[in-house]
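Computed over heavy atoms, backbone and side chain alike; hydrogens, waters and symmetry mates excluded.
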Amino acid sequence: MPRAAFVLLASSILSVACMTAPANVSDRCGVDDTLHFAGYTLGASQAVSVEASASANGPWVEIATATSASSSLDVAGVSLYAWSTDAEVPSWTPNGGSSEAFVRSRIAGGVALITFDNAATSGTVSGVECALAEVIGGADLATAVGNCQSPDSPVVRVTAPAVSTCPCPPGIVHVGDVVISDVADLSTYACVETIDGNLEVPLGGFIDVELPQLVEVTGHLTLDFNWSGAGPDYLRNIDLPALTTVGGDVFAQWDDVTVPGPTIDIGLDAVTSVGGDISIDVHSVNYNLGGLDALATHAGSLSIIGSTGDVSGSAFAASLTEIGTDLVFEPGYTVSWMFQALETVGGNVALTGGFWGPASTGFADLHTVTGDFTITGIQNAPIGDLFDSLATVGGTLTLNDTQIHQLAHLTPQALSVGALVLDANDDLDTLDGGWSVGTAGAITITDNPSLDTCDAETFVSDQAAAGWAGVSTISGNTGASCP
């Protein structure tokens with residue numbers, strides 16, 4: 001046979017009404033991949049219906065139609081009329097780590113077209129190559145097709161990875177909320193660049209969650225880092241590496257993590273803008289907090305609620321210099337290396353609990369809190385300055401139930417505060433530090449058992465001498481007797 005005829009036959013091997021593409025089993029890059037359907041009929045201009053199903057037994061849904069050519073290709077004495085079309089398969093069924101669907105084609109009268117296997121299914125040669133070899137060897141076309149058709153003919157099984165590997169077209173926008181509940185959702189939204197709505201990753205039975213193309217979420221972002229597949233101590237990986245903008249709130253949670261010392265990493269390392277508030281809820285024995293590498297300023301509030309364990313946060317929001325509204329931080333126990341770059345907070349700061357050590361524990365650059373600054377329950381902090389640079393608190397500075405001995409242990413700066421509350425601090429015995437209270441701000445010094453009442457009164461007198469004219473309350477300070 002001349003080479004040209006061989007190539008022609010190889011590229012269009014037919015059968016008595018057949019579908020040559022796709023072959024059984026055909027691997028696709030994803031469930032959203034467009035399939036090419038092609039084959040031959042025995043009649044000119046004949047209608048072909050392409051059907052798909054999530055099951056080999058149906059029900060079948062028509063997904064495309066085609067019409068065979070008006071001119072024929074003559075092969076082994078048979079006139080064949082080519083047809084082709086492209087279509088996406090709408091319904092897939094999970095099967096292990098992949099997905100599968102089934103397709104077939106039919107002509108008028110419901111006659112199903114014969115299909116072939118691909119080489120991965122039938123060995124070193126595909127069903128089409130098998131038929132070609134038989135025709136070259138002298139077999140008639142009907143015999144060749146009969147010997148080489150797929151055992152599954154006329155049904156073709158199509159497979160795809162659970163998470164698509166197809167190249168993504170640019171600029172895909174999904175309008176509406178998105179919930180990633182299973183791996184099929186990951187494949188569905190794998191190419192989305194903008195979600196015009198909310199994105200939620202709820203508690204689920206799959207561990208790796210990746211949306212590599214996602215750049216923007218216009219609404220809220222809710223992330224549950226627990227994996228229900230193997231108990232609460234198994235943390236999932238949520239990776240949104242290209243996400244830069246969240247228009248609403250960000251909420252992340254880790255529940256009942258009992259394995260000590262996990263890395264609690266919110267990720268979101270490309271995020272530079274969050275339009276709402278950021279809330280992190282961690283229930284863990286001890287943890288290393290990380291994520292939000294690129295966030296330099298945040299207009300909303302930031303809340304971190306811990307549990308009973310240690311927290312180290314040198315890798316968390318390492319570039320964050322400004323919080324526009326409130327900062328709420330409730331660590332479990334020992335705190336180290338938190339908020340190293342933070343300089344200003346435009347609202348209130350509330351720190352509750354935790355064992356605080358020397359200046360290396362964090363907040364080394366925080367110099368201004370515009371609103372109130374409330375510190376409650378800090379333990380064992382007489383060994384160094386907690387806030388090396390703190391110079392201004394616009395609202396009320398409250399120290400409640402802490403183990404601070406001296407005001408200078410909070411900051412060595414000449415601190416200016418709008419008002420001052422020193423309440424129930426068991427170890428507070430020295431009111432030093434060169435602090436000044438705003439002209440009309442209230443001063444409350446109550447129930448500090450190690451503090452001399454005279455020291456409290458002297459502190460108030462010194463403020464008055466500097467121009468302070470507010471109201472003071474001094475009581476329950478039962479330290480050494482006044483001289």
Side-chain angles (χ1 to χ4, degrees), residues 329 331 333-336 338 349-369 372-483:
F329 183 34
Y333 194 54
T334 302
V335 180
S336 57
M338 292 295 301
V349 174
L351 305 182
T352 302
F355 179 106
W356 295 73
S360 62
T361 55
F363 294 99
D365 293 335
L366 180 64
H367 56 75
T368 301
V369 175
D372 298 333
F373 195 167
T374 303
I375 301 175
T376 303
I378 284 182
Q379 303 176 40
N380 295 348
I383 57 177
D385 306 322
L386 293 181
F387 303 93
D388 280 351
S389 303
L390 186 64
T392 303
V393 175
T396 300
L397 174 62
T398 299
L399 299 181
N400 171 254
D401 189 27
T402 74
Q403 293 183 353
I404 292 176
H405 282 257
Q406 303 174 11
L407 297 185
H409 287 155
L410 187 73
T411 177
Q413 304 296 317
L415 178 63
S416 171
V417 300
L420 179 65
V421 175
L422 305 174
D423 178 62
N425 300 286
D426 288 349
D427 299 318
L428 181 63
D429 56 22
T430 304
L431 302 184
D432 57 0
W435 290 17
S436 62
V437 181
T439 302
I443 299 176
T444 302
I445 306 175
T446 53
D447 299 325
N448 302 287
S450 299
L451 185 64
D452 188 331
T453 298
C454 292
D455 287 343
E457 292 173 346
T458 299
F459 179 87
V460 171
S461 297
D462 290 344
Q463 296 298 315
W468 171 79
V471 176
S472 66
T473 302
I474 300 175
S475 67
N477 304 292
T478 56
S481 301
C482 295

Minimum heavy-atom distance between Gly353 and Pro331, given as atom pair plus value = O-CG, 3.5 Å
Report the distance from atom CG of Leu428 to atom CD of Gln403, rounding to the nearest 0.5 Å.
-> 12.0 Å
Partner of Asn477 under side chain to side chain donor-acceptor pair (under 3.5 Å), picked from Asp447, Asp455, Asp452, Asn448, is Asn448
Please collect all side chain to side chain donor-acceptor pair (under 3.5 Å) contacts where either partner lies in residues 392-402, sequence neighbours excluded, each pair once.
-> Asn400-Asp423, Thr402-Asn425
Here the gap from Ile378 atom CD1 to Leu399 atom CG, rounded to the nearest 0.5 Å, amounts to 8.0 Å
For residues Phe387 and Ile375, determine if any side-chain heavy atom of one lies less than 4.5 Å from a side-chain heavy atom of the other.
-> yes
Results of side chain to side chain contact (heavy atoms under 4.5 Å, CB included) for Ser472 - residues two or more places apart only | Ile443, Val460, Trp468
Nearest heavy-atom neighbours spanning His409 and Ile404 = CB-CG2, 4.2 Å
Results of side chain to side chain donor-acceptor pair (under 3.5 Å) for Asp429 - residues two or more places apart only = none
Over 60° means perpendicular and under 30° means parallel, so classify the ring planes of Phe329 and Phe363, tilted if in between.
-> tilted
Is the backbone N or O of Asp426 less than 3.5 Å from a side-chain atom of Ser450, with the two atoms forming a donor-acceptor pair by type?
-> yes
Minimal non-hydrogen separation, Ala364 against Ser389, with atom names | O-OG, 2.7 Å
Per side-chain contact (heavy atoms from CB on, under 4.5 Å), Leu422 is matched among Leu451, Leu407, Thr446 by Leu407
Which pairs, with at least one residue in residues 430-445 and sequence neighbours excluded, count as a side chain to side chain donor-acceptor pair (under 3.5 Å)?
-> none
Side chain to side chain contact (heavy atoms under 4.5 Å, CB included) assessment of Val369 paired with Leu390 | CA-CA 8 Å; Val369 175; Leu390 186 64; 4.3 Å; yes
